[in-house]
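Note: hydrogens, waters and symmetry copies are ignored here, and every other heavy atom, side chains too, is used.
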Amino acid sequence: MPLLRSLQSWWSTVKQAWRKRGTTEGKKLLEELAKQVRRMLVGAFLALLLVFLGFPRLSAWYEAYKKRQLEPSRQVYVCVHTLKEFTLQPLDSVYVQVVGDQEATAYSDERGYCVIPYVAEQGENEIKLTFVKEGYQPAQRPRIALPPVEGDTTYCEPVQMRPKVFKEADFAPPPKGILN
């Protein structure tokens, strides 16, 4: 409505000026009016186009925002037990990392255990782990289930690492008195 009123007032001003200045100036004013109308139509078309193209994205962003508010990220702990393949003796100093997260890393202790604190995003229920130790072939576990509750720990996942070069000692039974 304000646009229509402003157009009416502009038209009355133009009409009065047209009568005063004559036909040559009237033609210039008519060309200016046509130019202004074209600009308004193009602007309105672009505004409608942006609204219709941007609305689905805006709506999707809002739905994702609501979901993040209802299901926020959670801090969980991933437990891993690293072992030598064949002998099943604990393997220390194994570098363990959650694939895709540079912060979620740990080294296994002398008993072969390590616990990695991990911030799981909303809806994330599984992770992929990679294991690296010099003298052993790298290993991966593609589907480690995460606990659904904040602050909870996963089941301790046993991982066997294969030596790069096999020695006879690798296949020997553990000395007496050492428990696995």
Side-chain angles (χ1 to χ4, degrees), residues 39 42-180:
R39 285 181 183 166
V42 168
F45 175 74
L46 287 175
L48 284 174
L49 186 66
L50 287 174
V51 165
F52 284 118
L53 290 179
F55 184 73
R57 285 187 178 171
L58 184 62
S59 178
W61 173 83
Y62 181 70
E63 290 302 319
Y65 174 76
K66 279 191 340 187
K67 191 173 182 181
R68 276 195 308 272
Q69 294 302 315
L70 294 174
E71 299 174 25
S73 58
R74 63 194 189 281
Q75 171 96 22
V76 295
Y77 299 94
V78 180
C79 181
V80 178
H81 186 206
T82 55
L83 304 165
K84 281 186 185 179
E85 193 172 59
F86 305 118
T87 63
L88 300 179
Q89 291 179 339
L91 194 57
D92 65 340
S93 303
V94 176
Y95 177 75
V96 184
Q97 179 182 10
V98 175
V99 174
D101 189 348
Q102 299 294 328
E103 302 291 321
T105 62
Y107 284 94
S108 61
D109 61 11
E110 64 276 351
R111 296 179 305 132
Y113 288 95
C114 70
V115 176
I116 304 169
Y118 179 67
V119 177
E121 295 299 322
Q122 59 146 20
E124 186 177 15
N125 298 320
E126 295 178 342
I127 57 170
K128 183 178 186 179
L129 294 177
T130 185
F131 303 86
V132 179
K133 180 169 173 75
E134 190 175 329
Y136 290 84
Q137 294 177 359
Q140 286 193 343
R141 289 294 175 267
R143 297 179 70 190
I144 305 291
L146 293 176
V149 180
E150 165 104 16
D152 205 358
T153 305
T154 61
Y155 163 75
C156 203
E157 181 76 20
V159 177
Q160 296 180 24
M161 297 200 59
R162 178 176 292 190
K164 285 186 179 177
V165 178
F166 295 110
K167 299 176 194 159
E168 199 173 307
D170 290 334
F171 296 102
K176 290 188 178 184
I178 296 182
L179 297 175
N180 289 335

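Looking only at distances, no side-chain donor or acceptor of Ser108 sits under 3.5 Å from a matching main-chain atom of Tyr113. Judged by distance alone, with hydrogens and angles left aside, the side-chain atoms of Lys84 form no donor-acceptor pair with the main-chain N or O of Pro163 at under 3.5 Å. Arg74 contributes no side-chain N or O that, together with a main-chain N or O of Asp152, makes up a donor-acceptor pair within less than 3.5 Å. Checking side-chain atoms of Gln137 against main-chain N and O of Lys164 turns up no donor-acceptor pair under 3.5 Å.
Minimum interatomic distance between Lys133 and Asp92 (heavy atoms only, all atoms of both residues): NZ-O, 3.0 Å. The heavy-atom pair separating Arg111 from His81 by the smallest distance is O-NE2, 3.3 Å. Pro90 approaches Glu110 most closely through the heavy-atom pair CB-O, 3.8 Å. The two atoms that bring Pro117 and Ala104 nearest to each other are O-CB, 4.0 Å, heavy atoms only. Val78 and Ile127 get closest at one heavy-atom pair: CG2-CD1, 3.6 Å.
Atoms CD and OG1, from Gln140 and Thr130 in turn, are 4.5 Å apart once rounded to the nearest 0.5 Å. The SG atom of Cys114 sits 7.0 Å away from atom CZ of Phe131, with the distance rounded to the nearest 0.5 Å. Taking OG1 of Thr82 as the reference point, atom CG of Asp109 lies at 8.0 Å (rounded to 0.5 Å). With rounding to the nearest 0.5 Å, the separation of CD in Gln97 from CD in Glu103 is 9.5 Å. Of the inter-residue distances, the one linking Tyr77 atom OH with Ile116 atom CD1 reads 12.5 Å to the nearest 0.5 angstrom. Taking OH of Tyr118 as the start and CG of Leu129 as the end, the distance is 9.5 Å to the nearest 0.5 Å.
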Would you check, one step at a time, whether the test side-chain contact (heavy atoms from CB on, under 4.5 Å) holds for Gln160 with Leu91?
CA-CA 9 Å; Gln160 296 180 24; Leu91 194 57; over 6 Å; no
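Within a 6.0 Å radius of CD in Gln102, no more than 12 heavy atoms belonging to other residues, nucleotides or ligands are found. Heavy-atom contacts from other residues, nucleotides or ligands closer than 6.0 Å to CD of Glu134 number 12 or fewer.
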